[in-house]
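Written below as structure tokens is the structure these notes are about.
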Number of protein chains: 2
Amino acid sequence: MNVLSTSVNECFSGRVANTTRSAEIAKVLLVEILRGQFRVGERLPSERDLAARFRSGRGAVREALSQIEQLRLIEINPGGARIKSVRDSSIAVLGPLLALEESPNALLVDQFLETFSVLTQLSGRRAISAMSTDQQHALLKRLEEMTDRFATGELGQDELHAFLESLGEISNNLVVRLIGNDLRTQLFERMIFKGRETTLNKNYHLQLLKGMRDGIQSRDGNLFSKSLEEYFEELRVGVFQLLDSEIVEESKVL
Amino acid sequence: MNVLSTSVNECFSGRVANTTRSAEIAKVLLVEILRGQFRVGERLPSERDLAARFRSGRGAVREALSQIEQLRLIEINPGGARIKSVRDSSIAVLGPLLALEESPNALLVDQFLETFSVLTQLSGRRAISAMSTDQQHALLKRLEEMTDRFATGELGQDELHAFLESLGEISNNLVVRLIGNDLRTQLFERMIFKGRETTLNKNYHLQLLKGMRDGIQSRDGNLFSKSLEEYFEELRVGVFQLLDSEIVEESKVL
DNA sequence: TCTTCAAATTGGTCTTACCAGTTTGGACAG
DNA sequence: CTGTCCAAACTGGTAAGACCAATTTGAAGA
């Protein structure tokens with residue numbers, strides 16, 4: 001069905017979509033693979049068969065398969081493409097994995113936040129030990145402004161993200177930055193958190209702001225890291241409950 | 001030069017290489033981009049031009065560009081492909097980045113180890129809090145064997161890796177696992193550490209083995225994590241000095 | 001100097017055609 | 001009936017040619 005609708009869309013109105021044909025094909029195949037419609041080791045249909053199925057040329061299919069191969073979800077060899085285990089794939093499958101169901105897997109999001117937490121902590125520790133006094137003062141000033149805005153209730157999540165990102169800038173660890181790029185691409189840019197505002201107790205936000213300020217002021221990486229850890233801990237609990245309740249509601253509807 | 005040699009190889013002996021043409025092209029372009037031969041925002045030559053340069057078809061070039069786009073190093077749009085900043089790219093560029101020079105960038109490897117350290121610590125903490133008593137005993141037994149083999153000097157790095165990986169198995173955090181897959185793909189599988197044996201003081205190995213044993217035995221995640229942290233700390237120092245001295249020697253040769 | 005618009009260019013896609021290596025299935029020998 | 005072997009069918013890799021729609025470009029015009 002999915003396939004037909006897109007191809008019809010292509011044939012009639014000619015390029016309304018801003019996505020390429022190969023990206024469409026890759027997306028469809030990706031979902032099928034992640035849903036487990038193929039067993040590990042099983043052979044994917046041949047490029048020619050897939051081209052026929054998607055009513056497209058072999059070139060488009062080849063590009064799609066090449067993209068999926070880069071995710072290490074399949075292995076293309078002369079003779080055919082074979083399915084590999086999701087557990088051996090790339091972090092780039094995280095987004096599609098979370099997007100499989102309309103309500104992201106709570107466990108997976110929890111694991112993401114846990115991982116994001118330790119990477120952010122690392123970033124923070126490095127930033128604190130690397131920042132110049134100028135940067136220190138700039139950060140403190142920014143934190144103060146954020147605290148003020150928080151008091152009036154106009155502190156957005158985005159601003160907190162931006163602050164943490166500027167820490168990454170200072171910390172100057174390219175590896176963490178690149179991983180962060182991937183994680184961000186997988187989650188935030190896909191708007192997986194769209195419309196889901198944290199029902200987090202405001203107290204934890206304030207505690208985080210305070211902890212970060214103290215950590216920066218005294219150049220205490222451990223203190224800073226600890227406050228981040230506690231914040232993420234609470235965030236995880238909140239998000240998990242939120243997503244868990246969504247599942248319950250979903251099953252109610254069904 | 002590079003281009004000619006490969007194409008000659010193709011034309012004459014017809015497919016000796018086990019790599020595809022598109023992968024070759026992608027590799028060459030990737031190196032050129034990472035070496036900064038294009039400015040950010042600059043337009044890449046057109047697919048037709050590249051095809052002419054590499055003496056190949058447009059299809060191969062398209063596949064190559066598509067792969068590079070997945071690394072978020074370029075952005076392909078109708079009108080042309082434009083260079084993006086390495087700092088915004090994917091973790092998958094880490095390997096090519098380290099392979100740019102024959103001696104990997106010491107600072108970058110250090111950052112990698114630091115990141116790998118915190119992820120491993122997270123893995124360990126999770127594993128310890130999640131392991132069954134059976135798994136606990138199995139791990140302890142394995143550690144004992146490793147300690148024995150270490151005494152006779154026949155404990156390999158690979159075995160330590162395998163042990164840490166089995167911790168990841170127990171910890172059951174898919175996100176960390178996927179990131180680990182990428183990091184491993186970028187470094188270990190490319191044999192960036194080939195022939196470079198850690199000149200690490202044996203004492204630190206023993207301390208790690210002991211710390212891990214105690215941590216597992218008492219189910220103390222923090223203790224376990226701490227011993228890993230200290231081990232990686234020493235490893236980083238050792239590796240950094242090793243790579244740093246290589247650079248000195250390189251400049252001597254030149 | 002700025003605007004406008006047509007021509008050239010570019011990416012996206014499909015079709016056709018080979019090549020070389022893999023897979024498959026049936027013929028053949030045991 | 002079973003195992004071996006080989007040729008036909010199939011598969012991925014690659015190239016060339018062609019068309020479309022959108023962008024880019026540059027020159028003509030205001």
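Here is how names work: the chains are called A, B, and so on, in the same order as the sequence lines, proteins then strands, and each is numbered from 1.
The nearest whole Å value for the distance from the CD atom in B:Glu63 to the C1' atom in C:dG12 is 14 Å. Rounded to an integer number of Å, the gap from A:Glu75 CD to D:dG12 P is 13 Å. Following rounding to the nearest Å, A:Asp49 (CG) and D:dA9 (P) show an atom-to-atom distance of 17 Å. Summarising the geometry, the separation between CZ on B:Arg62 and P on C:dC14 is reported as 10 Å, rounded to the nearest angstrom. Rounded to whole Å, atom P of C:dT10 lies 13 Å from atom CG of B:Leu65. The separation between B:Glu69 atom CD and C:dG11 atom C1' is 11 Å, rounded to whole Å. For the pair B:Arg58 CZ and C:dC14 C1', the interatomic distance rounds to 12 Å; values are reported in whole Å. For the pair B:Phe54 CZ and D:dA15 P, the interatomic distance rounds to 12 Å; values are reported in whole Å.
Applying the salt bridge (Lys or Arg N to Asp or Glu O under 4.0 Å) criterion to B:Arg43, with sequence neighbours excluded, gives no partner residue. Among residues two or more places apart in sequence or in another chain, the salt bridge (Lys or Arg N to Asp or Glu O under 4.0 Å) test is passed with B:Arg58 by B:Glu47. Taking the salt bridge (Lys or Arg N to Asp or Glu O under 4.0 Å) definition, one finds that B:Arg87 meets it with A:Glu169, sequence neighbours left out. For A:Asp88, the salt bridge (Lys or Arg N to Asp or Glu O under 4.0 Å) partners are B:Arg177, not counting sequence neighbours.
One axis for each end of the helix from C:dT1-D:dA30 to C:dG30-D:dC1, each built from five base pairs, and the angle between them comes to 0° at 10° resolution.
Panel note: side chain A:Asp110, backbone A:Phe240; no donor-acceptor pair is recorded below 3.5 Å.
Salt-bridge check for A:Glu24 with A:Arg21: passed, with a basic side-chain N closer than 4.0 Å to an acidic carboxylate O. Using a 4.0 Å cut-off between a side-chain N of Lys or Arg and a carboxylate O of Asp or Glu, B:Arg62 and A:Glu63 qualify as a salt bridge.
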Just the table, please: protein N/O against nucleotides 24-26 of chain D N/O, every pair under 3.5 Å.
residue : atom : partner : partner atom : Å
D:dT24  : O3'  : B:Arg43 : NH1          : 3.4

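Looking at A:Leu100 and A:Arg35, their side chains come closer than 4.5 Å, going by heavy atoms from C-beta outward.
Minimum atom distance to the side chain of A:Arg48 is reached by D:dT11, of the listed C:dC14, D:dT11, C:dT13. Distance from the side chain of A:Ser46 is smallest for D:dG12 among the nucleotides D:dT14, C:dG12, D:dG12.
Take the nearest nucleotide of DNA chain C for B:Ile76 and for A:Ser56: the residue whose nucleotide is more 5' is B:Ile76.
Put simply, the residue from B:Val61, B:Leu50, B:Ile74, B:Leu73 that forms a side-chain contact (heavy atoms from CB on, under 4.5 Å) with B:Leu29 is B:Leu50.
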